[in-house]
Amino acid sequence: MTQILTIAAALEPGQQQYLLEARQMQALSFAVHIPLVCFGIALPPLLLFVEWLYLRTSDELYRTLARRWTRIMVALFAAGVVTGTILSFEMGLLWPNFTGTFGGVFGLGFAIEGFSFFMEAIFIGIYVYGWDRLSPRAHFASGIPIAIAGFTGSLMVISVNGWMNHPTGFRLSHGKVVDVHPFRALFANSYFWHELIHMYLAAYIVTGFLLAGAYAFGRLRGRFGRYERTALAVALAAAALASVAQVFVGDWNGREVAATQPTKLAAFEGLGRTTSGAPVHILGWYSHGHVEYGIPLPRLLSLLAFHSTQATVEGLDAVTPADRPPVNAVRLAFQTMVGIGSLLALLSVVFLFARIRLKRLPESTWFYRALVAAGPLSVVALIAGWVVTEVGRQPWVVYRVMRTSQAVTGAGGVPIGYATLAIVYLALAVAVGWVLCRLYRAPLAEPI
Amino acid sequence: MHLYDLPLAFALVGLALYTVLGGADFGAGFWQLVAGKGERADEIRDHAHHAMAPVWEANHVWLIFVLTVVWTAYPAAFGSIASTLSIPLFIAGIGIVMRGGAYALRAGTRTAGEQRRVDTVFAVSSVLTPFALGTVIGGIASERVHVGNPGGSLTSSWLNPTSITIGLLAVASAAYMAAVFLSADAERHGDRDLAERFRLRALAAGVAAGAVASAGLIVLRFDAHRLFTHLTQGAGLPALVLSLLAGVTTLALIWRRRYEPARYTAALAVASTIAGWALAQQPLFLRDLTVQQAAAGHDTQVAIIVAVLAGGVILFPSLALLFRLTLGGRFVHAEPTGDEQTTPMTRPLQPSARGARLAAASLLAGTGLLTIANTGWAHAIGIACFFSFLAFGYRAVLGSDILGPLTPTRPGRQP
C-alpha cells in the first residue's frame with residue numbers, strides 16, 4: 001500500500017495554515033446535522049406506526065400523538081435540510097481538492113442521495129399539510145415514501161463514507177485518478193454495510209431515547225396519563241430493542257475495522273506495538289506507545305477482533321508516525337461510545353424485562369431519571385462514534401490515498417467562516433430548542 | 001452535443017428550475033420584507049408564508065441537485081469554483097440556514113409579534129441568498145474563475161460589475177416570480193383584493209427585472225465582452241430574444257389578469273435567460289477550462305446520466321402530485337375530513353404470546369450468524385435476523401396494556 005503517497009490532486013495543493021480549524025468546522029457541521037438525520041430516519045416509521053394504530057382503532061389518542069410528533073418532524077426536518085446543505089457546500093468550500101480530484105468517483109452517491117432527499121421533501125410537504133385534507137388512508141400512504149427515503153438517503157451518504165475508508169473503483173496512474181467506475185466504487189465495496197446498519201440502529205436509539213426522555217421528564221413532574229405512557233412506550237420500545245442489537249452490530253463493526261483498517265483499530269485501543277494476545281484497556285491514557293493508568297483485560301482485543309486469544313493485532317508502529325491518527329482523541333471517543341452504548345443497553349434490558357416478564361412499565365423513579373439522561377447521552381455516543389470513524393481515518397481523507405492536508409482549500413478566512421458558522425448554529429440550536437419546548441408544553445387539548 | 005455535455009445540460013435545467021421555483025420562494029421572503037406594517041401587511045406575509053410552506057423544501061433540493069451533478073461530472077471545475085467563490089457561497093449557505101431556522105421557528109410561534117420577528121429573519125435571508133448566488137454566476141460568467149485552489153481573487157471574483165448585476169437580477173426576478181405565483185394563488189382562493197395587490201407588485205417587479213436585465217447587457221458589454229458578443233451576435237441570441245418575448249408576454253398577461261398562463265411565460269423567460277448564458281459561454285466552463293476538459297471519465301458520465309434519468313422517473317410524478325395538491329388548492333380549501341371518514345379495519349389484532357420467544361430466537365440466530373460465521377452472506381442473513389428481532393420484539397414489548405385491544409373504539413374517546 002505504498003503507491004499511495006504519489007497522488008497528484010486535480011488542483012494545486014492549497015496553502016492553508018488553518019487545516020485544524022477547517023477540520024473542526026467540518027466536525028461542527030457534522031455534529032449538528034447527524035442528530036437531525038437520526039430523526040429523519042427513525043421518526044417517520046414511528047410516526048407511521050402511531051398513525052396506523054389510529055387507522056386501526058379510531059382512537060383519538062393516537063391521532064393527537066401522531067399530529068404532535070408531526071410538528072416535531074417539521075421543525076427538525078427544516079433544520080436538517082439547511083444543515084445538510086451546509087455540508088454539501090463544505091465539500092467545495094473546505095475540501096475543493098478532495099471533491100475536485102475524486103468527485104467523479106464518489107459524487108454519484110450524493111447525486112442519488114439528492115433524489116432521495118427530493119422524495120423526502122416532497123412527501124413531507126404532502127404529509128404535513130395533508131392532515132385533515134387527504135383521506136386517512138391516502139395520508140398514511142403519503143408517509144411511507146418519507147420512511148423509505150430516510151433509509152435510502154443514509155445508505156447513499158454512508159456508501160460514500162465507506163468508500164473514503166476503503167477506496168476502490170479507480171486506479172492511480174502516475175498519480176492521476178483513472179479507470180473510474182463509480183457504481184463499483186460505491187456499491188461493490190463491501191466495507192460500508194456495517195457502518196450503515198450501525199448508523200440505522202443508532203438513529204432509533206437517539207430518536208427513541210430523546211422522545212422517551214421527554215415523557216420520562218413529564219412523569220417526574222407528575223404528568224403521566226395514558227397519552228404519555230403510550231408515547232413513552234412506543235418510542236422507548238424501539239430504542240431499547242435497537243440498543244440490544246447494537247451491542248452485537250458494534251462488535252461486528254470492530255471486526256470489520258480490524259480486518260480493513262488495522263491502524264484505526266490500534267488507535268481505538270491505544271495499541272502501540274504489534275502484539276499477539278493483545279489486551280483491551282478500559283480508561284487510561286495513551287502515552288509513548290502504550291496505555292497508562294488503564295485497567296487491562298489481557299488477550300481480550302485478540303479475542304474480540306480475531307476470535308483467538310493468540311491472534312496478532314497490528315499496532316500503530318506498523319505505519320510511520322506521520323500516518324497515525326491522533327490516538328487519544330480517537331481512543332477517548334471510542335471509550336465514550338462503547339461506555340454509553342453499554343449503559344443504554346443495560347437500561348434497555350431493565351425496560352424489556354419489566355415489559356415482557358412483569359407486563360408493566362418500570363415503576364422506579366430512578367429508571368425515569370436515567371431515561372431523562374439517556375437521550376442526551378445517546379447523542380454524545382452518536383457523535384463520539386462518528387469521531388471514531390472520521391478522526392480514526394486521519395491523516396487521510398481518502399484512506400491511504402489522499403491526505404486531508406492535500407484536500408483542504410487554499411482560500412483564506414477559514415477561522416472567520418468557522419466562527420460565523422458556530423454563532424449561526426448556536427442561534428439555530430436555541431431556535432429549535434425553543435420551538436420544541438413550546439410544542440412540549442402545549443396542552444393536549446390544544447388544536448394542532 | 002457530446003456525452004460530456006449532457007450532465008451539464010441536466011445541471012442547467014436544475015438551475016432553471018431552482019431559479020423559478022426556489023426563486024419564487026425567495027421572492028415570497030422579499031415581499032414579506034417590504035410588506036410594511038399593519039393588518040394588511042400581515043395578510044401579505046401570511047399569504048406568502050402559507051403558499052410556500054408546503055413546497056419550499058422540495059424547491060430547495062434543486063440547488064443540491066445542481067451541486068451534486070456538477071461535482072460528479074465536472075469535479076475540477078466544481079473545486080475551482082467553490083474555492084475561488086468561497087465567500088459568496090458561504091454567505092448563501094448562512095442565508096439558507098437562517099431561512100430554514102425561520103421555517104422551523106414559525107411552527108412554534110403563537111402571537112403576531114413573534115411571527116413578525118421570525119418573518120424578518122426569513123425575509124432578510126431571502127434577499128441575501130439569491131443575491132449571493134447571483135454573484136457566483138456572475139463570477140463564472142465573466143470568466144473570473146480559472147482552474148486552481150483558489151483559481152482567482154477571493155474578492156474581485158464576485159465583487160465586480162457583472163456579479164453585482166446578476167445578483168440584483170436574481171433578487172428582482174425572484175420577487176417577480178413570487179408576485180406572479182402569489183397573485184395566481186390568491187386569485188384561485190377567491191381573494192380578489194390580495195390578488196390585485198400582488199398583481200401590482202408583479203408588474204413593478206417585472207419592469208424592475210427587465211430594467212436590470214437591460215442594464216446588465218450594457219455591463220456585460222464592458223465587463224464580459226466575450227459573453228456579450230456571443231449573446232448578442234452568436235449562439236445565445238435566439239435564447240435572448242425568446243427571453244425578451246416571454247418577459248413582455250408575461251407583463252401583458254398580468255396586466256390582463258391572466259395569472260395562470262403568466263406563471264409559465266415567466267418561467268420561460270427565466271429559463272431562456274439561463275439557456276442564453278450557457279449557449280454564449282460554451283465551450284468554456286471556466287476561463288482556462290472547456291467543458292470537455294472539465295468532464296470526468298466516460299463511466300462517470302454514463303453513471304450520472306443513468307442516475308438522473310432513473311431519478312427523474314420517480315421525481316417528476318411525485319413533484320406533479322405535490323404541485324397538484326398545493327396549486328390545485330386542495331391544501332387550502334378542502335374541509336377537514338375529521339373522523340367520519342375513518343374506516344377502521346375491523347380485524348382484531350391479538351397480541352402474540354409467541355412474539356417474545358420469536359424475538360429471542362431471532363436475536364440468538366442473528367448473533368450467531370454475525371459473530372461466529374465469517375462470510376458475507378451469513379452476515380446478511382444475520383442482519384435480517386436482527387431486523388426480525390426488532391419486529392417481533394416491538395410487538396411483544398408493546399402489549400395490550402399499552403395499546404389496548406387494537407380493535408376499533410368509538411371515535412372521540414379521550415385519554
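In the text below, chain A, chain B and the rest are named by the order of the sequence lines, each starting its count at 1.
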Report task. Select, from B:G101, B:A76, B:A296, B:A102, the one with the greatest count of heavy-atom pairs under 4.5 Å involving chain A. Result -> B:A76
Report summary line: When the 4.5 angstrom heavy-atom criterion is applied to B:H298 and chain A, the contacting part is neither
Query raised in the report: If you measure from OG on B:S318 to CD on A:E120, what distance do you get to the nearest 0.5 Å?
Result: 13.0 Å
Query raised in the report: Within the distance-only criterion (no hydrogens, no angle test), does the side chain of B:N149 pair as donor or acceptor with the backbone N or O of A:T409 below 3.5 angstrom?
Result: no
Requested in this report: Against chain A, work out which of B:A303, B:A92, B:A359, B:G100 has the most heavy-atom pairs shorter than 4.5 Å and name it.
Outcome: B:A303
Query raised in the report: For A:F49 and B:Y394, what are the C-alpha separation, side-chain angles and deciding distance, and is it a ring-ring contact (aromatic ring centres under 6.0 Å, His included)?
Result: CA-CA 11 Å; A:F49 176 69; B:Y394 202 62; 5.1 Å; yes
Report task. Can you tell which part of B:A295 gets under 4.5 Å to a heavy atom of chain A, answering side chain, backbone, both or neither? Result -> neither
Report task. Identify which of B:V147, B:L319, B:V69 forms the greatest number of heavy-atom pairs closer than 4.5 Å to chain A. Result -> B:L319
Query raised in the report: Between A:F98, A:Y425, A:F102, A:F77, which has the largest tally of heavy atom pairs under 4.5 Å with chain B?
Result: A:F77
**Report entry** Contact winner vs chain B - A:A233, A:P182, A:A75, heavy-atom pairs under 4.5 Å
**Finding:** A:P182
**Report entry** Shortest non-hydrogen separation from B:T72 to A:A111 and the atoms involved
**Finding:** OG1-CB, 4.4 Å
Requested in this report: Please tell me if the side chains of B:F90 and A:L421 come closer than 4.5 Å, counting only heavy atoms from C-beta onward.
Outcome: yes
Requested in this report: Report the option among A:G114, A:S142, A:A431, A:C437 that has the most heavy-atom pairs separated by less than 4.5 Å from atoms of chain B.
Outcome: A:A431
Requested in this report: Identify which of A:R255, A:M91, A:Q16, A:R229 forms the greatest number of heavy-atom pairs closer than 4.5 Å to chain B.
Outcome: A:R255
Requested in this report: Under 4.5 Å, counting heavy-atom pairs only, tell me which of B:G79, B:A380, B:A310 racks up the most with chain A.
Outcome: B:G79
Query raised in the report: Judged by atom type as modelled, is there a donor-acceptor pair below 3.5 Å linking the side chain of B:D299 to the main-chain atoms of A:F183?
Result: no
Query - Which atoms of B:Y74 approach chain A - backbone, side chain, both or neither, heavy atom under 4.5 Å - result: neither
Query - Check: A:F351 and B:V397 side chains under 4.5 Å, non-hydrogen atoms - result: yes
Query raised in the report: Side chain, backbone, both or neither: which part of B:I383 has a non-hydrogen atom closer than 4.5 Å to chain A?
Result: side chain
Report task. Give, as side chain, backbone, both or neither, the part of B:I87 having an atom under 4.5 angstrom from any heavy atom of chain A. Result -> neither
Report task. Let me know if B:W56 has heavy atoms under 4.5 Å from chain A in its side chain, its backbone, both or neither. Result -> side chain
Query raised in the report: What part of B:A307 is in contact with chain A, defined as an atom under 4.5 angstrom from a non-hydrogen atom: side chain, backbone, both or neither?
Result: both
Report task. For chain A, find which of B:T68, B:L370, B:I304 contributes the most heavy-atom pairs closer than 4.5 angstrom. Result -> B:L370
Report summary line: Shortest non-hydrogen pair, B:A356 vs A:I356, comes out as CB-CG2, 3.9 Å
Report task. Search all heavy atoms of B:W71 against all heavy atoms of A:G107 and return the closest pair with its distance. Result -> NE1-CA, 3.5 Å
Query raised in the report: Which one of B:V70, B:I94, B:I81 has the most heavy-atom pairs closer than 4.5 Å to chain A?
Result: B:I94
Requested in this report: Give, as side chain, backbone, both or neither, the part of B:L89 having an atom under 4.5 angstrom from any heavy atom of chain A.
Outcome: both
Report task. Quick one: which of A:G413, A:A237, A:A354 has the most heavy-atom pairs under 4.5 Å with chain B, could you say? Result -> A:A237
Report task. Sort out for me which residue in B:T326, B:V55, B:L321 forms a side chain to side chain contact (heavy atoms under 4.5 Å, CB included) with A:I126. Result -> B:L321
